[in-house]
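The structure presented is a predicted model; accordingly, all values stated were derived computationally and were not measured. For the numbers below, each heavy atom of this structure counts, side chains included, while hydrogens, waters and symmetry mates do not. For the single chain, residues carry numbers from 1 onward in sequence order.
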Amino acid sequence: MRIIRATNPTEAGRHTATIIASQVTLKPDSVLGLATGSSPIETYKYLVEWYKQGNLDFSQVYTVNLDEYIGLPADHEQSYARFMYNHLFDHINIRPDHVYIPNGLAPENAAEGARYDGIIKDLGGVDLQLLGIGTNGHIGFNEPGEAFITGTHCVDLSEATILANSRFFESADMVPKQAYSVGVQTIMQAKRVVMVATGKNKASAIRDAFCGPVTPKVPASILQLHPDFVLVADEEALSLM
Ligand code: GLP
């Protein structure tokens, strides 16, 4: 595990974007595993800026997103699909048929999980997985539990996650109670994993994930076992390490 220390969220975003830009430059048909939430927003801003300057080309890139709320159509303003188009896909030259996100309206949980895992397998797995971290240590929507779940699955969101994500909705009642999330196998099989974490509210999750035991009670802790894991974090997020 390597740690890249940033002085603030903007710098963390620039470091993270640099890693992704190197990946795309070295392997133009890379499969990028992408994340939503506030953590990667700065990263996406840099990628868009460098694309607009002519320094990046996404025409051969494939993307597979980590997760999606169940019950929200892709065009809902709080769907993760909408997030990705707003922050990245609408502003770069990625092909729409190279973009994969779980279908929040899929009625059969097991079938959607199998379909999505099949897509990732057919693409040859993920080259670079971008992650944020939840305040309870979740990655994607792999919530704390008794066991790590390997494949794409339906998750009952924890109270902590619903509360944390209610800032994007009118009230906590409006936050979907379930989501599809890729499992830890997809994340751990990615050739490289980069996590971006900023702010004081992530400090205890970062400490528990990387200074404690590997346990499904802190899902991000499994990344201690990944052979090429990079944490890009600001001083506040690292303050309890
Ligand atoms: C959501 C997403 C995660 C993300 C987490 C943290 O629950 N499913 O992928 O890492 O929130 O979000 P934020 O970056 O806004 O703190």
Side-chain angles (χ1 to χ4, degrees), residues 9-10 12-14 16-17 20 24 31-52 56 58 61-106 112 116 119-120 126 128-136 138-143 152 154-155 157-158 160-182 186-187 190 193-199 201-202 232:
T10 306
R14 187 163 48 79
T16 309
I20 297 172
V24 171
V31 179
L32 303 179
L34 295 182
T36 53
S38 50
S39 303
I41 289 179
E42 290 293 325
T43 302
Y44 294 150
K45 272 190 202 159
Y46 278 104
L47 293 178
V48 169
E49 188 182 318
W50 296 340
Y51 164 72
K52 287 189 171 157
L56 271 177
F58 292 89
V61 165
Y62 292 85
T63 65
V64 284
N65 259 80
L66 283 169
D67 44 17
E68 180 59 284
Y69 287 118
I70 290 181
L72 297 192
D75 60 358
H76 187 283
E77 60 173 0
Q78 291 307 336
S79 76
Y80 283 168
R82 195 62 258 146
F83 175 100
M84 289 309 302
Y85 280 90
N86 287 347
H87 290 280
L88 186 65
F89 299 150
D90 277 344
H91 312 289
I92 60 175
N93 65 334
I94 192 155
R95 289 173 50 156
D97 60 332
H98 282 198
V99 165
Y100 297 98
I101 302 173
N103 174 9
L105 294 186
E112 177 59 7
Y116 205 65
I119 289 169
I120 296 167
V126 174
L128 187 154
Q129 177 66 58
L130 174 63
L131 293 176
I133 184 169
T135 50
N136 62 0
H138 74 236
I139 45 177
F141 268 134
N142 289 275
E143 293 278 34
T152 300
C154 166
V155 184
L157 300 179
S158 70
T161 298
I162 290 172
L163 193 65
N165 290 0
S166 64
R167 68 202 142 119
F168 301 112
F169 292 80
E170 276 173 36
S171 69
D173 294 344
M174 310 282 277
V175 183
K177 305 288 177 280
Q178 292 185 311
Y180 286 118
S181 176
V182 303
T186 298
I187 295 169
V193 180
V194 181
M195 173 181 282
V196 58
T198 58
N201 67 334
K202 297 295 169 69
V232 183

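- Atom CG of L56 is separated from atom CD1 of I20 by 10.0 Å, given to the nearest 0.5 angstrom.
- Annotation: the span from M195 atom CE to L130 atom CG amounts to 9.5 Å, rounded to 0.5 Å.
- For N142, the side-chain hydrogen bond (donor to acceptor under 3.5 Å, both in side chains) partners at least two apart in sequence or on another chain are S181.
- Counting heavy atoms from C-beta on, the side chains of L128 and V24 never come closer than 4.5 Å.
- In terms of modelled atom types and a separation under 3.5 Å, the side chain of E42 and the main chain of T10 share no donor-acceptor contact.
- Annotation for G13 and Y46: closest pair C-CD1, 3.9 Å, computed over non-hydrogen atoms.
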Subject >> Test log, rule side-chain contact (heavy atoms from CB on, under 4.5 Å), inputs I120 and Y100 >> reply: CA-CA 9 Å; I120 296 167; Y100 297 98; over 6 Å; no
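- The pair E49-K52 does not count as a salt bridge, with every side-chain nitrogen at least 4.0 angstrom from each carboxylate oxygen.
- One distance of note links CG of L47 with CD1 of I92; it measures 7.5 Å at 0.5 Å rounding.
- If you take CG on N165 and CE on M174, they are separated by 14.5 Å, rounding to the nearest 0.5 Å.
- Looking at heavy atoms from C-beta onward, V232 lies out of side-chain contact with T43 at the 4.5 angstrom threshold.
- When the shell of 6.0 Å around OH of Y62 is examined, it contains 12 or fewer heavy atoms from other residues, nucleotides or ligands.
- Shown here for I41 and F83, the closest heavy-atom pair between the two residues is CG1-CZ, 3.8 Å.
- Of all heavy-atom pairs between K202 and S39, the closest is NZ-OG, 3.6 Å.
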**OP:** Starting from the C-alpha separation in whole Å, work towards a yes-or-no answer on side-chain contact (heavy atoms from CB on, under 4.5 Å) for L88 and L34.
**Re:** CA-CA 10 Å; L88 186 65; L34 295 182; 3.9 Å; yes
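- Residues L157 and F141 approach most closely at CD2-CD2, 3.5 Å, considering heavy atoms.
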**OP:** With side-chain contact (heavy atoms from CB on, under 4.5 Å) as the test, would you mind laying out the steps for S158 and H138 before giving the verdict?
**Re:** CA-CA 10 Å; S158 70; H138 74 236; 5.5 Å; no
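- Not a single donor-acceptor pair under 3.5 Å links the side chain of H87 to the backbone N or O of R82.
- Partners of D75 under the side-chain hydrogen bond (donor to acceptor under 3.5 Å, both in side chains) rule, at least two apart in sequence or in another chain, do not exist in this structure.
- Between V99 and Y85, some side-chain heavy-atom pair lies under the 4.5 Å cut-off.
- At least one side-chain heavy atom of I162 sits under 4.5 Å from a side-chain heavy atom of K177.
- Judged by distance alone, the side chain of Y180 and the main-chain N or O of A106 form a donor-acceptor pair under 3.5 Å.
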**OP:** Given side-chain contact (heavy atoms from CB on, under 4.5 Å), test I187 with L66 step by step and report yes or no.
**Re:** CA-CA 9 Å; I187 295 169; L66 283 169; 4.1 Å; yes
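- The backbone N or O of N103 lies less than 3.5 Å from a partner atom in the side chain of E112, making a donor-acceptor pair.
- A side-chain donor-acceptor contact under 3.5 Å links Q78 to the backbone of F168.
- Across A74 and S79, no two heavy atoms sit closer than the pair O-OG, 2.7 Å.
- Of all heavy-atom pairs between N65 and P102, the closest is O-CD, 3.9 Å.
- Although no hydrogens or angles enter the test, the distance criterion places a donor-acceptor pair under 3.5 Å between the side chain of Q129 and the main chain of G33.
- With contacts defined as side-chain heavy-atom distances shorter than 4.5 Å, the pair F58/T63 does not qualify.
- Under the 3.5 Å distance criterion, with hydrogens and angles disregarded, a donor-acceptor pair is assigned to the side chains of E143 and N136.
- Using a 4.5 Å cut-off on side-chain heavy atoms (C-beta onward), F169 and P176 make contact.
- L72 contributes atom CG, which lies 8.0 Å from atom CG of L105 (distance to the nearest 0.5 angstrom).
- Y69 contributes atom OH, which lies 7.0 Å from atom OG1 of T36 (distance to the nearest 0.5 angstrom).
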